[in-house]
Amino acid sequence: MDCLFCKIINGDIPSTKVYEDDKCYAFRDISPQGPTHILVIPKEHIQSVNEINDANKDTVGHIFTVISKIAKEEGIAEEGYRVVSNIGEYGQQTVPHLHFHIIGGRNMKWPPG
Ligand code: 5GP
Ligand code: ZN
């Protein structure tokens, strides 16, 4: 399948791995929006949140336990962080393979101060 993140899972495109198990893969975003910016993706190709259903909900639930674990390991859990999933055109989703951004290590307050 001609999908960037499927190629990353298969190792056809290199990435900096943070975590992996039979259901999901986590790696550092190539263009980080904060000191910590990790993407967590299902190994199964799911296009977006719109395609979450009863058949794949256990994988998605599992991904959130992984997100919680990664945040602690990265040392951002206590101060706080963001989990973001962009969906479709208006959501500015650029890669059509479900992914959850973990962004942290800085205060998201806007305007700053
Ligand atoms: P989206 O805009 O779809 O929510 O997020 C896609 C994310 O994937 C972006 O934050 C972008 O920086 C990241 N990204 C795109 N191509 C690559 C790549 O080849 N490697 C890695 N590690 N991240 C990528
Ligand atoms: Zn894919």
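Every number for a ligand or one of its atoms is a count from 1 in the order of the listing. As a basis for the values below, the full set of heavy atoms in this structure was taken, side chains included, without hydrogen atoms, waters or symmetry mates.
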Protein heavy-atom partner closest to atom 1 (P) of ligand 1 - residue, atom, separation in Å = His99 NE2, 3.1 Å
task = Around atom 15 (C) of ligand 1, find the nearest protein heavy atom and jot down its residue, atom name and distance.
result =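 Here the nearest protein heavy atom works out to Leu4 CD2, 4.0 Å.
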request  = State, to the nearest 10 degrees, the angle whose vertex is the Zn ion (ligand 2) and whose arms point to SG of Cys3 and ND1 of His97.
outcome  = 110°
ask   = Ring centroid separation for Tyr25 and Phe5, is it under 6.0 angstrom?
value =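 Aromatic pair excluded; centres sit 6.0 Å or further apart.
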ask   = Should the heavy atoms of other residues, nucleotides or ligands under 6.0 Å from CD of Glu20 be counted, would the total exceed 12?
value = yes
message = Once you restrict to heavy atoms under 4.0 Å, what part of Leu39 touches ligand 1? Side chain, backbone, both or neither.
response = side chain
Interfacing atoms of ligand 1 (cut-off 4.0 Å, heavy-atom, [X]):
| X | value |
| --- | --- |
| Ile8 | 20 (N) |
| Gln93 | 3 (O) |
| Phe5 | 8 (O) |
| Gln92 | 2 (O) |
| Ser31 | 12 (O) |

key: Among Ile41, Val95, Ile38, Asp29, closest by any non-hydrogen atom to atom 7 (C) of ligand 1   = Asp29
ask   = Counting heavy atoms only, which of Leu98, Ile30, Asn86 comes nearest to atom 23 (N) of ligand 1?
value =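 Of the listed residues, Ile30 has the closest heavy atom.
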task = Return yes or no for this condition: an N or O of Thr94 is under 3.5 Å from an N or O of ligand 1.
result =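 Thr94 vs ligand 1: N/O contact under 3.5 Å present.
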query = Do the side chain of Glu51 and the main chain of Ser48 share a donor and acceptor less than 3.5 angstrom apart?
reply = yes
task = Kindly assign one of parallel, tilted or perpendicular to the pair His37 and His101, based on the angle between their ring planes and the thresholds 30° and 60°.
result = tilted
query = Looking only at heavy atoms, which two atoms of Ile63 and Cys24 are closest? And how far apart?
reply =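 Heavy-atom minimum between the residues: CG1-CB, 3.8 Å.
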